[in-house]
Amino acid sequence: MMRDYAEYSTLVLRIFFGIAFIIAGLDKVLSFSMAKGMFEGMFGAGLGGFMIILAIIIELLCGLALLLGLYTRIAAGILALMIVVAFIVTFKLGQAPHFVGILREISVMNTGGGNTAVNFAYFAALLSLVFSGSKVAALKPDSEF
């Protein structure tokens, strides 16, 4: 019986991540000076200002695309790439004493202060949308490529 609803799994991912990225983009807009300071701390004064604007545009446009089901694979791919950048920039090893401890920080929880586990989970879900697309409740069918 549940096989009839298997395609709805991508709808759930699309809606969740669409809303999540729209909220992330709006949060950066509404607290722009704080977000800009954070980005300048990560990327430097010159590049930080550009990166915060780029992040806002990507999060709002790709989040809206996911929510509406427009070019799901492309939007999810762009967001997945953005997550890779966030992962690299924010990753901290903390006090991991060994390789398994490092893996724990990446995949389960990061005690070093970054958001690696969240980024890891977001990346995996976005890759799922890149590979599967989503035709359920989309305004326009996904591109097939």
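The structure displayed is predicted, hence computed values, not measured ones. Numbers for residues simply follow the sequence, beginning at 1.
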**Request:** Decide yes or no on side-chain contact (heavy atoms from CB on, under 4.5 Å) for Leu126 and Phe21, but give the supporting numbers first.
**Result:** CA-CA 11 Å; Leu126 288 166; Phe21 280 103; 4.0 Å; yes
**Candidate pair Phe39 and Phe32, rule ring-ring contact (aromatic ring centres under 6.0 Å, His included), full reasoning** = CA-CA 10 Å; Phe39 272 65; Phe32 186 78; 9.3 Å; no
**Request:** May I have the step-by-step check of side-chain contact (heavy atoms from CB on, under 4.5 Å) for Thr72 and Arg14, ending in yes or no?
**Result:** CA-CA 8 Å; Thr72 300; Arg14 265 194 24 242; 3.4 Å; yes
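Under the 4.5 Å side-chain heavy-atom criterion for grouping Ile, Leu, Val, Met, Phe, Trp and Tyr, Val84 is connected to Ile78 within one hydrophobic cluster. One hydrophobic cluster holds both Val85 and Met38 under the rule that ILVMFWY side chains link at heavy-atom gaps under 4.5 Å. Under a hydrophobic-cluster definition in which Ile, Leu, Val, Met, Phe, Trp and Tyr are linked whenever side-chain heavy atoms come within less than 4.5 Å, directly or via other members, Phe131 and Phe16 are assigned to the same cluster. Grouping the Ile, Leu, Val, Met, Phe, Trp and Tyr side chains by contacts below 4.5 angstrom, directly or via other members, places Leu13 with Ile23.
Note that CG of Leu129 and CG of Leu11 are 10.0 Å apart. Values are rounded to the nearest 0.5 Å. Residue Phe123 holds its CZ atom at 11.5 Å from CG of Leu79, rounded to the nearest 0.5 Å. To the nearest 0.5 angstrom, Ile83 atom CD1 is 10.5 Å from Leu127 atom CG.
In terms of heavy atoms, Gly77 sits closest to Val130 at N-CG2, 3.3 Å.
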Kindly list each side-chain donor-acceptor pair under 3.5 angstrom involving residues 41-69, sequence neighbours excluded, with atom names and distances?
from, atom 1, to, atom 2, distance (Å)
Glu59, OE1, Gly25, N, 3.1
Glu59, OE1, Lys28, NZ, 3.1
Glu59, OE2, Lys28, NZ, 3.1

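Among pairs with a residue in residues 40-50, those fulfilling salt bridge (Lys or Arg N to Asp or Glu O under 4.0 Å) read Lys36-Glu40, at least two apart in sequence or across chains.
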